Amino acid sequence: MNRRVRIEIHGIVQGVGFRPFIYRLALKFHLTGSICNSESGVSIEVQGTTGDVDAFIEFLPRDAPPLARIDELQIFELGLKEETDFLILESTRSNRANTLISPDIATCSDCVRELLDPTDRRYRYPFINCTNCGPRFTITRAVPYDRKQTSMAVFPMCPACQAEYEDPFNRRFHAQPNACWDCGPQVELVDRHGVRQSGDPIVEAIRRLKRGAILAIKGLGGFHLAVDANQPDAVRELRRRKNRGEKPFAVMVESTLIARTLCEVSADEATLLESPQRPIVLLQKLTSQFDGLAPDGNQLGVFLPYTPIHHLLFAHGGSNALVMTSGNLSEEPIAIDNLEALSRLGDIADFFLLHNREILLRCDDSVVAIRSGMNQFARRSRGFVPSPIRLREPLPPILAVGGELKNTICISRDRYAFVGQHIGDLENLSAYDFFQESIDHFQNILEVQPEIVAYDLHPGYLATQWAKQQRDLRAVGVQHHHAHIASCMAENHLTGQVIGIALDGTGFGTDGQAWGGEILVADLKSFRRAAHLEYAAMPGGTQAIYEPWRMAVSQLWATYGEDWRSKVPATFQASLSAPKVRIVEQLLRNGTKLPLTSGCGRLFDAVAALVCCRTHVSYEAQAAMALEAVCESGGDKGAYPFEILEAESAADSLRISTRPLFAALTEDLRHNTPAGVISRRFHGGLVNVLAEATTLIAERTGLQEVCLSGGSFQNAILLWGLEQKLAKLGLKVYQHTLVPPGDGGLSLGQLLIAANSL
Ligand code: ZN
Ligand code: ZN
Ligand code: FE
């Protein structure tokens, strides 16, 4: 009995070695037919005995290449045909582009072996790649993914490379960026004036790093600034020149083995480190060896080499650990172009390791932590973008423009939401340009023209202003924390009403205040604010974010009034500037005009200022990280009390008062209770009261599903504690594993709400 079928596959199946895999699989089962890339993925026809066709269908998803992602596989029965071969056909072009471009993928082990093999023709070639690895997203101008649409178009293949490219049994069959010493891009080392340095560029780069120089290194999605991590002076100098404050640096290490000497590395974390996406993984520090990299907190961002250039820098007598930080000045977008890098990074880097393969799209390193055995993104970018989030239902094309900090955009097409790469903080102009570029690029590669734009309600956000200026787009405003919860719902395929706990630093509330300690009853259309942390005055407005002592004084004032000074240790007061404190007291006394916040981040700031002496910080969440880092585990150390105040009317929400907390905490401070114990009691108390408020809301609404979202959930103690507690109470808890819980995940939620509120 013979059978012929057509198999339509949707997903990431182009540029990942899928066609040669199918070709070999067809030959294995003696099948005739064909495969071609279609705009909707790939289309396969096979014919043979029923048994062979069945086996082919069974093995296809099971043995697919590592980078392929099959989202949908449909089978259609066809009539038999006269044919003798299996053919790989040229790409077709239909009306609708449904194919997905693969993200950039770390150099695979086969390529690394060749790279370091003196007998291989690509020995030490800095752009070695194959169908299973190499650049994709960052070198692609347009779909379909073909060499002529990439920045490799200017490098015609030599006969040897061309032969590999055309051979279905070769690892480089249809590897679009295929290249070698004879035909491909080259590296060069120049000084900050652009003057070419003699000698082998890689060897000379290593030599300079060893001497403590700062190098700008062109990578996949942009430039890195690199120094030898083992040289504290070089690290300090990089921090100074980059104007980096105390913000942590990530470190690229030669191998997982080296990572294990610095940090605790679980099996899950090792897998993530070594994954083809090669993100920066946040690991628990074991030693204080690299304390200069991450002065606060007990975590260090660690990653492994992911381009041939990185491997070469480690292979030839280089250091075993390099600080690798985005090539930019503080929060500007990462530099990608050679001339741009020389002009923008010329005051930071001593030397530049350049190459002539153009980066078409900026894409920073991704940052991921393992939380409760699952991925939690701090930043979703290289290696993951543009892989889409699969939605529960198809949506019309919508653009969501995200928030202000850690901005990302998101565009829907059918059942997919494409969350773009990390853009950064839109406060600066170059990030705003990148934001607009990114919108254009995604519309272009997805071939969609959204008619709806979703934005955050904050009138001051640049993304919001951009959205409102679009005359031809219908604009839908979405409340910040509602978007956080909807984002968590979207990736978990939830559609009904849920209880959403949204904790973060700040987000514009419907009453014009800065929200951020919210429990919502929400669906994808609307929400009700069911409970929130009681408002605290923010003396000095946003200045309070960088001077956490202001929030501490505000909370103490709310608890004790004028008498607050007698309730805290003299050391705290001594650490403050007396004239500034007097101004803040005056502001609090007059009270009326002060901005208010229910932000969880601001509560952490207040506690950290008192407990960890973090009176000033150089980046948001720094104080909160320090507080988490000192937290003592083990044993029952108790928990601080909060108080839940009932709403005056049904339309109003529960308020979580922090007064009992500060009363108990200052008592502990006066008794010299260790910071680690205070931090534990604070975390414990916050978990308790959030669980208690959630239980009340669950009883009153009958809802059982709880979504956790917002940047504060990057705090592992808070996330783990709340998750456990709520689960014990019989509630079903959902969290983020596909997009960040922080503002990088906002755009996805905005998109879903806009779609459902039409
Ligand atoms: Zn490879
Ligand atoms: Zn070649
Ligand atoms: Fe937020």
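Here, residue 1 is the first one in the sequence, and each next residue gets the next number. Atoms within a ligand are numbered from 1 in the order they appear, just like the ligands themselves. The analysis underlying the following values was restricted to heavy atoms, covering all of them including side chains, and did not include hydrogens, waters or symmetry mates. Just so it is clear, the structure is predicted and the values come from calculations on it, not from any experiment.
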Practice task
Sort by chain and number the protein N/O/S atoms that are closer than 2.8 Å to the Zn ion (ligand 2), and list them.
Solution key: Cys158 SG, Cys161 SG, Cys180 SG, Cys183 SG

Practice task
Taking atom types as modelled, find out whether His736 and Ser709 have a side-chain donor-acceptor pair closer than 3.5 angstrom.
Solution key: yes

Problem - Nearest-0.5 Å distance, CG of residue Leu220 to OG1 of residue Thr307 - result: 6.0 Å

Handout entry: Atoms of type N/O/S from protein, distance to the Zn ion (ligand 1) below 2.8 Å
Key = 4

Completion exercise
Sorted by chain and residue number, the ring pair (Phe, Tyr, Trp, His ring centres under 6.0 Å) partners of Phe303 (sequence neighbours excluded) come out as none

Problem - Distance-only side-chain donor-acceptor flag, Asp296 / Gln622, under 3.5 Å - result: yes

Problem - Donor-acceptor pair between Ser366 and Gln277 side chains, under 3.5 angstrom - result: no

Handout entry: Proximity of Phe127 and His355 rings by center, below 6.0 Å
Key = yes

Exercise for the section: Specify whether Phe682 and Phe604 have parallel, tilted or perpendicular ring planes, treating 30° as the upper limit for parallel and 60° as the lower limit for perpendicular. Expected result: perpendicular

Exercise for the section: Check whether the side chains of Glu705 and Tyr734 place a donor and an acceptor atom closer than 3.5 Å, and report yes or no. Expected result: yes

Handout entry: Phe377 ring center within less than 6.0 Å of Phe384 ring center
Key = yes

Handout entry: Metal site the Fe ion (ligand 3), protein N/O/S atoms found under 2.8 Å
Key = 4

Handout entry: Tyr306 six-ring centre to Arg382 NZ/CZ under 6.0 Å and within 45° of normal
Key = yes

Handout entry: Option passing side chain to side chain donor-acceptor pair (under 3.5 Å) with His480 (candidates Thr510, Thr506, Asp504)
Key = Asp504

Handout entry: Any donor-acceptor N or O pair under 3.5 Å, side chains Glu518, Ser598
Key = yes

Problem - Spatial distance of atom CG (Leu399) from atom CD1 (Ile439) [nearest 0.5 Å] - result: 5.0 Å

